[in-house]
K.L.:
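Handing you this structure, nothing more for now.
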Amino acid sequence: MEPSKAPELFLKPYNPAEREPEILDAWEKSGYGNPDTCERAGVVDPSKGTYSIVLPPPNVTGTLHMGHAAMLAIEDILIRYHRMRGYKTLWVPGTDSAALATQSKVETEIYKKEKKTRHDLGREELMRRIDAFVEESRATIVNQTKKMGSSLDWSRYAYTMDERRYAAVVEAFVRMYDAGLIYRGDRIVNWDPKLQTAVSDDEIEYVEQKDPFYHFQYGPFVIGTVRPETKFGDKYVVMHPDDQRYKEYAHGQKIDLEWINGPITATIIKDEAADMEFGSGVMTITPAHSAIDFEIAQRHHLDAERVIDDRGILLPIAGAFEGQHIKKARAAIVDKLRAKGLVVKVDEDYTHNVATNSRGGGIIEPQIKLQWFIGVNKAVRFPDGKMATLKERMRESVEDGAINILPEHFEKIYYHWIDNLRDWCISRQIWFGHRIPAWFKDGEIRVGAESPGEGWTQDEDTLDTWFSSGLWTFSTLGWPEETEDLKVYHPTSVLETGYDILFFWVARMILMSMFLLGEAPFKNVYLHGLVRDGQGRKMSKSLGNIIDPLDMVAKYGADATRLSLIIGAAPGNDLKLSEDKVRGYKNFANKLWNIARFVLEHYDQHLVQVRLAQGDDELIDESMKVATSVSHHIDTFRLDLAADTAYHFVWDRFAAEILEESKPIFRGDDQAAIASRQYAIHKILDTSLRLLHPFMPFVTEAIWRELPTKERDLLMVAKWPV
RNA sequence: GCACCCUUAGCUCAGCUGGUUAGAGCGUUCGAUUCACAUUCGAAAGGUCGAAGGUUCGAAUCCUUCAGGGUGCACCA
């Protein structure tokens, strides 16, 4: 019995650029990304149940970066693994409108090219421009996502701004409004003078900055500030009730003093918010432009007068300074105070944190504004009948184990965040986004998708982009309609995302799902680290250290790119990625390719029944044990260890030892031993391909197609070995 | 200020619920290679596991303190 050559021995070396498009095509044609197709084809094991992941939708603004690539790799591994195990497996793709970031980006571009603002264009024209931009950008993202080998179900693709998602947003808003969770009110909010909108607490990023710190004489007191331009309206002077230095002053006492624009009457307020350790222990407050001051003012029922308008221009209260921009006015104000002899001293190098809008905006100026909020401390009735606040339910859902966060230490971070959570400002004064479904007429408010009738006008504002994102796990499945998908796939199995959006997104999905559905949006939260450069620095344009995933795919293949993002990446830890690493895994793909060549060269496809030699039997057993170990690691979300285990078995054990030991056998003339070994290594190759498929789907599928076995379906839906 | 994480070979990291001479990849050095391998194979060098205490028969692993690095939240007028 001569070992016959495989019918079409494939060429060396493995060339991903040539193979990947055909494989991609075969997957797409098969329709196996869709669980319904899988079920019809009989590759689903009904006893296993379902497995579902909703893809964190990339922003339509950009292109795919390494963070996305890592996310796609991780989720695709989980999905392919479960699909092979026979679960009815769904992975839903989508893209996010990223309202504020998108509008900001398009506006900036228009201004650069045409020197026009959105007000020059008008709402309709701006929306047209944004839509055109989104359309183009979205096609790019989708295409790139596919190239990573992501086995998503594109038939269920969702976009946060499409019709069905809009319906979900309106429904959510109405229900929350009716329950009293959503309210409208004058509150101090984070106002971005550049983008002309309010933003939520979580979108604020504090940036360290050095500024002069001024000490002014304020009647008998010395007060400190970095912002003299806010001080025009200061007529309340606050000190701690226990401060012995000021015990002679009584709460509510009036004091006449000389201030920027002449004599004023100040009122003494005793409040514990004043820090006795800081400066003189005395401060004046500006309730209209400071969250803390606003709180103090509310406690004592003080009035809050605006000093600065929406664009950062001083109002009439500033007297001679009216109409000036705060930036320019500051020095002049200090000069005036100095002329009056009210400047005590100036610390030039005072370091403090300035609030900025992290979504490409400007320096935040707190303003009192009429906005929409979600109350997190209001007790309401949930669908499961319980009375509780959103905050409580968000905490409980993790505490009682309905949601499991990995790595575990993020639970603590989550609790810490919840405990500090304040009402969520959900209205934005930008045009791109879901328009708030609220209607006004004669001081009356109605909510709903449609105008209640003649004469009602809709709110001009739009919703915070995270409002619609919060609905994502169920809006993608058809909610508020009671769809089959919703029944079958919700709660989803895993929510996998970067730890940097735990609060923005994960927490908000929990909030929304608990209130609207009465159940958790997912059973597991798996947080991956951020992808950094070889030196551990953030990848950024300015550093020029960006590694583009698509470049890596083109040069080394999608499989190598995926592996480089998985191996060495412990859950929640940042991953340092270098091109060398990707290149290293390209060698592994080639290794596997050559293993297959060797095995097929020594495979007799007419081999029907073999009596296995004992040693060969053990080799097969060994590969099954590896399979068990790989499964275990995937089940516990240690994809790094799972990939590493498979990698080492295939390279160090299978190739370096088992195949080497086989060579003398094949050179010998013991036909029974040859047949047994042929069978064994073929079987181990088969197992290896299945094990590696979730990690490196392309090369494994490419080899699978070359195997001389009849009536074979795609490896994508082949059975997992154990 | 409050909290969380990290500190193991030159570099990047594994070492889980404590148990034999502490592991891998990359890098370095040496050797082999017309036999599946645009390469691969073999071998070597290299670590007082951040520091100091403690618990224990036994600690890289558990506890305490400290130092350095990172991150989140809050924020000072």
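Note that the structure is a prediction, hence the values are computed from the model and not measured. In what follows, every chain begins at residue 1, and chains take the letters A, B, ... in the order their sequences are listed.
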K.L.:
Main chain of E205(A), side chain of T356(A): is a donor-acceptor contact present, judged purely on distance under 3.5 Å?
P.N.:
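Such a contact is found between T356(A) side chain and E205(A) backbone.
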K.L.:
Reckon A569(A) touches a base, only the sugar-phosphate, or nothing at all at heavy-atom distances under 4.0 Å?
P.N.:
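A569(A): no heavy atom of the nucleic acid under 4.0 Å.
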K.L.:
Can you confirm whether the side chains of E399(A) and Y415(A) place a donor and an acceptor under 3.5 Å from each other?
P.N.:
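The criterion, which ignores hydrogens and geometry beyond distance, is not satisfied for Y415(A) and E399(A).
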K.L.:
What integer distance in Å separates K591(A):NZ from rA38(B):C1'?
P.N.:
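Rounding to the nearest Å, NZ of K591(A) and C1' of rA38(B) are 14 Å apart.
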K.L.:
Side chain of N420(A): nearest nucleotide among rC73(B), rA36(B), rA14(B)?
P.N.:
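Nearest to the side chain of N420(A) among the choices is rC73(B).
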K.L.:
Without swapping roles, check the side chain of R562(A) against the backbone of M696(A) for a donor-acceptor pair under 3.5 Å.
P.N.:
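Looks like no, no N/O pair under 3.5 Å.
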K.L.:
Nearest whole Å is fine: how far is rG1(B) C1' from I292(A) CD1?
P.N.:
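That distance rounds to 13 Å.
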K.L.:
In whole angstrom, give the distance that lies between atom NE2 of H416(A) and atom P of rG72(B).
P.N.:
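For the pair H416(A) NE2 and rG72(B) P, the rounded distance is 13 Å.
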K.L.:
Given atom CE of M283(A) and atom P of rA77(B), what is their separation to the nearest angstrom?
P.N.:
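After rounding, the reported distance stands at 10 Å.
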K.L.:
In terms of ring plane angle, is the pair Y603(A) and H682(A) parallel, tilted or perpendicular, where the classes change at 30° and 60°?
P.N.:
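Y603(A) vs H682(A) ring planes: parallel.
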K.L.:
Could you state the atom-to-atom distance from CG of D202(A) to C1' of rC73(B) in whole Å?
P.N.:
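Distance check: D202(A) CG to rC73(B) C1' gives 10 Å.
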K.L.:
Calculate the interatomic distance between E408(A) atom CD and rC6(B) atom P; express it in whole Å.
P.N.:
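The answer, rounded to whole Å, is 12 Å.
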K.L.:
Write down the distance between CZ (R597(A)) and P (rU40(B)), rounded to a whole number of angstrom.
P.N.:
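Roughly 15 Å, once rounded to whole Å.
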K.L.:
When you measure from the side chain of R667(A), which nucleotide among rC35(B), rC75(B), rA77(B) comes out closest?
P.N.:
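The answer is rC35(B).
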K.L.:
In terms of relative ring orientation, are W259(A) and Y218(A) parallel, tilted or perpendicular, with 30° and 60° separating the classes?
P.N.:
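Perpendicular: the ring planes of W259(A) and Y218(A) meet at over 60°.
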K.L.:
Heavy atoms only, 4.0 Å cut-off, all strands: where does I595(A) land among base, sugar-phosphate and nothing?
P.N.:
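Here I595(A) touches the bases of the nucleic acid.
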K.L.:
Between Y350(A) and F213(A), how do the two ring planes meet: parallel, tilted or perpendicular, split at 30° and 60°?
P.N.:
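Y350(A) vs F213(A) ring planes: tilted.
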K.L.:
Contact class for N587(A) vs. all strands (heavy atom < 4.0 Å): base, sugar-phosphate, or nothing?
P.N.:
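Result for N587(A) = sugar-phosphate.
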K.L.:
Scan residues 556-564 of chain A against RNA chain B and write down, sorted by residue number, each residue with any heavy atom closer than 4.0 Å; if none is found, say none.
P.N.:
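Residues of residues 556-564 of chain A that come under 4.0 Å of RNA chain B do not exist, since none gets that close.
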K.L.:
Using the six-membered ring wherever Trp is involved, compare the ring planes of F232(A) and F321(A) and label them parallel, tilted or perpendicular (cut-offs 30° and 60°).
P.N.:
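If you compare the ring of F232(A) with that of F321(A), the planes turn out tilted.
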K.L.:
So what does V226(A) touch, heavy atoms closer than 4.0 Å: a base, only the sugar-phosphate, or nothing?
P.N.:
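If one applies the 4.0 Å heavy-atom cut-off, V226(A) turns out to touch the sugar-phosphate alone, with no base involved.
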K.L.:
With a 3.5 Å distance limit and no angle check, can you tell me whether D574(A) reaches the backbone of V531(A) through a side-chain donor-acceptor pair?
P.N.:
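No; zero donor-acceptor contacts below 3.5 Å.
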K.L.:
From CZ of R532(A) over to P of rC13(B), roughly how many Å is that when rounded to an integer?
P.N.:
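Rounded to whole Å, this separation is 11 Å.
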K.L.:
Please produce a list of atom pairs where a protein N or O lies less than 3.5 Å from an N or O of nucleotides 21-25 of chain B.
P.N.:
unit_1, atom_1, unit_2, atom_2, d
rA24(B), O2', H648(A), NE2, 3.3

K.L.:
Do H251(A) and D271(A) pair up side chain to side chain, a donor and an acceptor below 3.5 Å, judged on atom types alone?
P.N.:
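Checked: H251(A)/D271(A) side chains show no N/O donor-acceptor pair below 3.5 Å.
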